[in-house]
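Can you keep this structure in mind? I'll have questions shortly.
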2 protein chains.
Amino acid sequence: MRVTIKQIAEIAGVARSTVDKVINDRPGVSDEVRDRVRYIANDLGYEANIIGKALAFQNKQLVIAVVMPNIDFTVAARVGIEKALQEVKAFGISIEYFLTKNYDTAQQISTLDYLITKKVAGIMIRPVDDIELRDAVRNVVSHGIPVVTFNSDLVDSGRLCFVGQDSLKAGRVAANLMAKIINNRGKVAIITGSMSLAALELRLEGFATLIQSNFPMIEIVEVVETHENKIITFQKTLDLLQRQNDLAGLYITGGPMAEVGKAIKMLGLTKSLKVVCFDLYPEVIELLNEGVVDFTIDQDPIAQGYIPIKVIFEYLFNNKKPEQEFISTTVEIREKESL
Amino acid sequence: MRVTIKQIAEIAGVARSTVDKVINDRPGVSDEVRDRVRYIANDLGYEANIIGKALAFQNKQLVIAVVMPNIDFTVAARVGIEKALQEVKAFGISIEYFLTKNYDTAQQISTLDYLITKKVAGIMIRPVDDIELRDAVRNVVSHGIPVVTFNSDLVDSGRLCFVGQDSLKAGRVAANLMAKIINNRGKVAIITGSMSLAALELRLEGFATLIQSNFPMIEIVEVVETHENKIITFQKTLDLLQRQNDLAGLYITGGPMAEVGKAIKMLGLTKSLKVVCFDLYPEVIELLNEGVVDFTIDQDPIAQGYIPIKVIFEYLFNNKKPEQEFISTTVEIREKESL
DNA sequence: GTGAAAGCGCTAACAC
DNA sequence: GTGTTAGCGCTTTCAC
């Protein structure tokens, strides 16, 4: 049988509640007693019984707020959030969603302010990639509310941690895949969603750096920016493919893949052009099946939803901060048969 | 507040223990009362509180036995087992390992017999791929002990489920990868560990079938069997590569990769020969880094360790069987940068 | 067949 | 600063 608070109390000759105060660093115990209890607890190798803690914890009825835009990515992340919820709801924890518009910084800020007054127990946020938010998060944190960012980070905001993909690594993986399928030689063009989104920028950098250092016979001929707009993406892709009519490969860091695919198919390049892109949304799956896309790199959105909830829970329940500030999710290579 | 047994008891005008019996299908309640309580519970949407159950469950002190050979795979699986243990030990569950010799059917059988007398609560086993074991498992199951097989299955043995990779799918993925890197044409040879190990046979079949149906320009010239023996593997690989001196690709379903790699390097084929293999053990990682192996397909051994423990726990704690008999772990494509 | 009561380990409210 | 006490939800024992 494991050692319990009750036993420690008996040995120390004090009440259980006193031991409880010592164990949890609560006030109201004399230094003398505190030291004695600590010594005994240590000596006996006391470890809190999770079930006992949970029993008392569950009627705190805490709520974790999820602040995120309503986009493809967060739809997938939600699966992970719900999975985590199943595991922590027994502990009296519930979740409330606050869906914002994708690039609306002001809305996210006002949501955060509201959550302070609502006294939520914790917040998980997929922030707009905008520095203005940083101060709002800082404010939340200063009110004692733990915050975890996911998918996109907000450095120096005081958040507990960031959960997301290692985009630089993902870019390097993409480079290797591209090199393999174009047999280490030829011209490659890059389509990027935005030069100012940190994650996409890193996907580009990782790719370009590895190509330049390891594959002298591969030439990156052009980088095109689409601002994730459908019409622009289609038009610019079409222009690019016509302008560069001897491309071996095309690398897309982000943006609407359906439009890129449309342009490739329209020009009859499905077989000859090798394509590497990101994520595993329905439109990408279709392109994989059609043979337009060769490889896509997934960032495990489910884990990006699941982990933040568990991190916040761990903080609330055990008062433990995560070991690393950056928890990276896997870089998953997918092709047609491995969806 | 969620509805509790206490509330149901009050409404039904019976004792809590009576409600408990009804909820858990225990005997000792009249049909009339049973029906009434059931109706009320249903009506109120009663769901057992996990923490409450756990509190009572934890002093049963159940033990789950893990029966497996001590090989590369199970070393990795153990990480997942320990992770699962962390989650279930609060419920009073502990784990005992029984490491057997790899191809020793008799040892596994006698271990199983012993575990019956020891009255363990559940067993997870990586069985020898041998039909003789089937009856031993059946016997265990007939004693009311739940069994889960992992990594390799034992069909028709009465086990709760099997947790492992979908080897046929893994073979198909390998085929696509190979086709991509040899540009859909050329000669390919296959090295297989054993023609009688179910998993390896399926990896071969999935590969060959997809190549034949989708890639008419790829020819599978030879299949070599190594019996997972180091010396044989090295010698046969060497012979194969010398005999077939215009191979585009080499596909290895299993067996000691270090020896295969040695032969490839010795003949100076590192750059020209494309190689796809399985698993992510240290020797394979080294070959990836050296550029000898292009892709390896991982089967997530950690999940294969983790899931069985959770399945057995779920069965013991909630009396729930898994939904599917075959729980497949992911088919993970890995290359140099994505380890 | 049914009910009363104790107990699992921890926390919190409150009296001293 | 310290102890007493009740209570969280469920299971189990035992008396009736």
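Chain identifiers are assigned alphabetically (A, B, ...) following the order of the sequence lines, protein sequences preceding nucleic acid strands; residue numbering begins at 1 within each chain. Note that this is a predicted model, so its numbers are computed, not measured.
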Just the rounded figure in Å: distance from P of dC10(C) to NZ of K60(A).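 Distance check: K60(A) NZ to dC10(C) P gives 15 Å.
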If you only use heavy atoms from C-beta on, which nucleotide in dT11(D), dG9(C), dT11(C) is closest to the side chain of T4(A)?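 Output: dG9(C).
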When the distance from CG of D35(B) to C1' of dG1(C) is rounded to whole Å, what number comes out?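 Interatomic distance, CG of D35(B) to C1' of dG1(C): 15 Å.
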Among dG9(D), dG1(D), dT2(C), find the nucleotide with the atom closest to the side chain of S30(A).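 For S30(A), the side-chain atoms sit closest to dG1(D).
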Which nucleotide in the set dG3(C), dT2(D), dC10(C) lies at the smallest distance from any side-chain heavy atom of K21(B)?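 My answer, after comparing the listed nucleotides, is dG3(C).
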For I8(A) and dC10(C), what is the distance between atoms CD1 and P respectively, to the nearest whole Å?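 Distance check: I8(A) CD1 to dC10(C) P gives 8 Å.
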T18(B) side chain near dG1(C) phosphate (N/O to OP1/OP2, under 4.0 Å):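 Checking T18(B) against dG1(C): no side-chain N or O falls below 4.0 Å of OP1 or OP2.
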In terms of heavy-atom contacts, does CG of L62(A) have more than 12 from other residues, nucleotides or ligands at under 6.0 Å?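 It does: L62(A) CG has more than 12 such atoms within range.
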Ring-plane angle category for F150(B) and F73(B), please: parallel below 30°, perpendicular beyond 60°, tilted otherwise.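 Plane angle between 30° and 60°, so tilted.
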Is there a donor-acceptor pair closer than 3.5 Å between any side-chain N or O of Q108(B) and the backbone N or O of R126(B)?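 Yes; judged by distance alone, with no hydrogens or angles, the pair exists.
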When all nucleic acid strands are considered with a 4.0 Å heavy-atom cut-off, which category describes N49(A): base, sugar-phosphate, or nothing?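 Here N49(A) touches the backbone only, sparing every base.
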Counting only side-chain heavy atoms from C-beta out, which of dA4(C), dG9(C), dA12(C) sits nearest to A15(B)?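 Of all the options, the side chain of A15(B) is nearest to dA4(C).
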Would you kindly check whether a donor in the side chain of S17(A) faces an acceptor in the base of dT5(D), or vice versa, at under 3.5 angstrom?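 Donor-acceptor pair under 3.5 Å: no.
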Atom CD1 of I51(B) and atom P of dT11(C): how far apart are they, to the nearest Å?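 Rounded to the whole Å, the gap is 13 Å.
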Taking atom C1' of dG1(D) as reference, at what distance in whole Å does atom CG of D20(A) sit?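 Value for this atom pair: 15 Å.
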Sugar-phosphate, base or nothing in reach of A48(A), heavy atoms under 4.0 Å: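 Answer is sugar-phosphate: A48(A) comes under 4.0 Å of backbone atoms only.
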Taking for each residue the nucleotide of DNA chain C bearing the nearest heavy atom, is the 5' side occupied by G28(B) or by I50(A)?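 Per heavy-atom nearest nucleotide, the more 5' residue is G28(B).
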Would you kindly say whether Y306(A) and E87(A) are connected by a side-chain donor-acceptor distance under 3.5 Å?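 Yes, because at least one side-chain N or O of Y306(A) sits under 3.5 Å from a partner of the opposite role on E87(A).
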For R36(B) and dG3(C), give me the distance from atom CZ to atom P, rounded to whole Å.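 Rounded to the whole Å, the gap is 9 Å.
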Classify G92(A) by what it touches in the nucleic acid, base, sugar-phosphate, or nothing, heavy-atom distance under 4.0 Å.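 Nothing: the residue G92(A), judged by heavy atoms under 4.0 Å, touches no strand.
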At under 4.0 Å between heavy atoms, what does R34(A) touch on the DNA or RNA strands: base, sugar-phosphate, or nothing?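 If one applies the 4.0 Å heavy-atom cut-off, R34(A) turns out to touch nothing in the nucleic acid.
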Does N59(A) place a side-chain N or O at less than 4.0 Å from the phosphate oxygens OP1/OP2 of dG7(D)?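 For dG7(D), neither OP1 nor OP2 has a side-chain N or O of N59(A) closer than 4.0 Å.
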Does Y46(B) put a side-chain nitrogen or oxygen below 4.0 Å from OP1 or OP2 of dC10(D)?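 Yes, Y46(B) has a side-chain N/O under 4.0 Å of OP1/OP2 on dC10(D).
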Please check the phosphate of dT5(D) (OP1 and OP2 only) for any side-chain N or O of R16(A) closer than 4.0 Å.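 No, R16(A) has no side-chain N/O under 4.0 Å of OP1/OP2 on dT5(D).
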Without decimals, in angstroms, what is the distance between R26(A) CZ and dC10(C) P?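 Value for this atom pair: 12 Å.
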L55(A) side-chain proximity, nearest of dC10(C), dC8(D), dG3(C):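 Nearest listed nucleotide: dC8(D).
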Please lay out, stage by stage, how Q58(B) and N49(A) fare under the test side-chain hydrogen bond (donor to acceptor under 3.5 Å, both in side chains). CA-CA 10 Å; Q58(B) 68 180 340; N49(A) 178 302; 2.9 Å; yes
Are the side chains of K21(B) and V14(B) in contact, using a 4.5 Å heavy-atom criterion?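 No. Closest side-chain heavy atoms not under 4.5 Å.
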I want to verify a distance call: between dC10(D), dC8(D), dC10(C), whose nearest atom is closest to the A56(B) side chain?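 Nearest to the side-chain atoms of A56(B), counting from C-beta on, is dC10(D).
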Rounded to the nearest angstrom, tell me the gap between atom CD in Q58(A) and atom P in dT11(C).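 Atom CD in Q58(A) sits about 13 Å away from atom P in dT11(C).
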